[in-house]
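Below is one structure, written out as structure tokens; the observations come after it.
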Amino acid sequence: MKTTLLQCVSQPHSQTLKITFPPRVISTNVDQLRAELDDYLSSATAKIEKWDKLELDFGKTDFVDSLGLNFVFDIVKLAEGKNANIVAWVTSRSVRLIFFTVRLDRRMDIRLMEIPPQTK
Amino acid sequence: MSLPAHPPKVLRLGCSGTNRNGQKCLFGIPHINYLRNFSRIEWEPELLGLEEIGMGFSPTLVAAPGWALAWLKSVECTKKSFWDVPLVSRAPFDVWSHLPPAPAGLVASEGFVREGGFVNVWTERHATHVVWGKLREDCAASILAFVWLQNVLAGGRHWRRHELGRLPEQFKKHLALGYLHLGLPNEPVEAVSLGLPRPILRRKDGELFYAGDWIGVHERTQKVTRAQLGALVLPELEPCLHERLLTFGKNEKPSDGVVWCLEGVGGPGMLALYSSAIAARVDHMQDTWERWMNDRLGMMDADKRSELLLCVREAVINADEHGCRSVRGHRFLMAMQNFEKERRVRVRVSDPGLGHAHDVNSMMARQDQMMGRHLGLKLIHGIAQNMSFARHGATLQFDFHY
């Protein structure tokens, strides 16, 4: 059985869609990630529950390559089409640098989370 | 009562004329299955355009599949002589029973040998010579060429030099070879492809160069010392499924390919020649780079290593996608060197494509990047230092300070 990599959770009370990314968002798993997002977006839940805030949780992500970024860009474009606010939570400094390098900071609010020492 | 001894079934493969003894003589190379019917095969290397016959008593073969050794024990090279009596010269069959041990540091993996790979190594006047190739089990001509080659290589210095220098195309077609020669420090390193349409590494002014594909051209590199080179690079033999890892660490034994350690200590760089169409394998390749970095770049913190890894990955994917069009049959080179004193890593990736002078700061490039396209070069440009192109963009180089 194929494991799910992407977690999409809708929070109706705050009209937020939270997408949690896997540790690696890279060329070799991006097709699966796209398929999982498409599955969610075409589901009844996604159509019923509206959202105007998008939270991208990169808390577990420590490696994103250009094709992974391409996927992130597509999500950002989707959210921009809905005039949604976008917040990205990252723990890895290198992931944050990558987002800044491709100017994603201009299109979403990138916030660095400190990992508690015991989980480092 | 003893059973009557059956005379050995001997097959002669000749070029012309008839055998005065009425011995069966074929004027060509038959199918491999036909050869298997005979306990001994005499063949004239002239069938492959070879003028001489091989002879010698000092085998240099250090790795070969078992079935190839069996052919060495049943095939001998002959040459028509006066009165149609064949001259038979070869290494005695029994010398192939025990191959000499491979020099310390040379590792021919099981996978390489299982696929028909073989390696010859010998030393002359402190210089090391390596010949490698790949046999086709179902091809009689390939096996006969291999037998001839082994007899020649067992024949001493004169034979090796004389014969290897003028292999006919017909031979190379059936048995393509790679040849590498390492001399004393400050002596040139020579690398010759005898029929292998493959890229070759070249170093000039302390830099690594990709010299493009060549066939049978004797190319001499600039002077490279053993200490600089750290290791010999033995490229793979055919465009096949797995990339060959070519690193310098004495403890690194890749699952495939050949690694040669000259010094027996970890060297300053990593060289890798990859077969194209890597999309499905890039994670595995990345694991290899990561191990190399973890072993040698201890001063670099984890985030920096991750960034360097990303740059290498992007450069390699770029070379595969654009330089090799992601189709099989091409190769590209990745070289990574650590300059420990300067706390700098230099990465160079060369592909066989035409290249393109990409300007990451152009208006079009910026628009592409805003749309999330062509981000690989942008990432390298933004994260690494001194990114530059050579060969019209087919070679990408960047530094990474830590």
Side-chain angles (χ1 to χ4, degrees), chain A residues 5 21-34 37 56 58-81 86 88 90-108 110 112-115 117 119-120, chain B residues 277-287 289-290 293 297 300-322 326 349 358 360-361 365-385 387 396 398 400-402:
Chain A
L5 296 176
F21 288 83
R24 287 181 163 202
V25 184
I26 50 179
S27 57
T28 42
N29 67 7
V30 77
D31 287 342
Q32 189 185 342
L33 296 176
R34 278 184 196 283
L37 182 66
L56 304 177
F58 292 97
K60 288 185 285 184
T61 307
D62 57 11
F63 197 86
V64 183
D65 73 0
S66 60
L67 286 172
L69 275 175
N70 196 271
F71 176 54
V72 177
F73 265 92
D74 286 347
I75 295 174
V76 168
K77 275 185 262 179
L78 178 77
E80 285 173 343
I86 313 166
V90 296
T91 49
S92 161
R93 287 174 193 278
S94 60
V95 170
R96 189 179 65 153
L97 173 67
I98 290 162
F99 287 169
F100 273 76
T101 303
V102 295
R103 310 274 174 88
L104 269 173
D105 57 311
R106 294 185 180 183
R107 300 170 73 170
M108 61 187 190
I110 299 171
L112 187 66
M113 291 189 290
E114 286 298 330
I115 312 171
T119 58
K120 262 187 182 176
Chain B
I278 58 157
R281 302 176 275 138
V282 67
D283 287 345
H284 175 68
M285 290 156 62
Q286 184 173 322
D287 290 343
W289 308 329
E290 196 168 9
M293 290 178 195
L297 305 177
M300 193 186 278
D301 69 39
D303 281 338
K304 279 276 181 190
R305 275 208 292 269
S306 175
E307 288 157 23
L308 172 58
L309 212 52
L310 174 68
C311 292
V312 175
R313 181 183 176 105
E314 294 301 335
V316 162
I317 288 176
N318 197 51
D320 184 52
E321 276 185 5
H322 301 294
S326 298
V349 178
H358 186 81
V360 287
N361 289 318
R366 282 172 189 239
Q367 283 172 351
D368 277 350
Q369 286 149 21
M370 287 304 285
M371 298 301 288
R373 295 192 294 256
H374 301 143
L375 296 171
L377 283 176
K378 174 69 182 169
L379 283 172
I380 299 171
H381 185 257
I383 296 173
Q385 293 86 44
M387 188 180 96
L396 168 67
F398 56 88
F400 205 90
H401 294 277
Y402 58 94

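Residue numbers begin at 1 in each chain, while the letters A, B, ... track the order of the sequences. It should be emphasised that the depicted structure is a prediction, and the values quoted were computed from it without experimental measurement.
Of the candidates B/Leu377, B/Leu375, B/Ile317, B/Ile380, A/Ser66 forms a side-chain contact (heavy atoms from CB on, under 4.5 Å) with just one, namely B/Leu375.
In this structure the side chain of A/Asp65 never reaches within 4.5 angstrom of the side chain of B/Val282, judged on heavy atoms. Between B/Ser306 and A/Asp62, the closest side-chain pair of non-hydrogen atoms is not below 4.5 Å.
Atom CZ of A/Arg34 has more than 12 heavy atoms from other residues, nucleotides or ligands within 6.0 Å.
Heavy-atom minimum distance, B/Ala279 versus A/Thr28: O-CG2, 3.4 Å.
Note that OG1 of A/Thr101 is 4.5 Å distant from CD1 of B/Ile383, once rounded to the nearest 0.5 Å. Atom CG of B/Asp303 sits about 4.5 Å away from atom OG of A/Ser94, to the nearest 0.5 Å. To the nearest 0.5 Å, atom CG of residue B/Asp283 and atom OG of residue A/Ser27 are 6.0 Å apart. From A/Phe63, atom CZ reaches atom CD of B/Gln286 across 4.0 Å, with rounding to the nearest 0.5 Å. Rounding to the nearest 0.5 Å places CG of A/Leu67 at 6.5 Å from CD of B/Glu321.
Of the two parts of A/Leu97, only the side chain, counted from C-beta on, holds a non-hydrogen atom closer than 4.5 Å to a non-hydrogen atom of chain B. Only the backbone of A/Val64 comes within less than 4.5 Å of a heavy atom in chain B; its side chain stays farther off. If you measure heavy-atom distances from B/Leu309 to chain A, the contacts under 4.5 Å come from both the backbone and the side chain.
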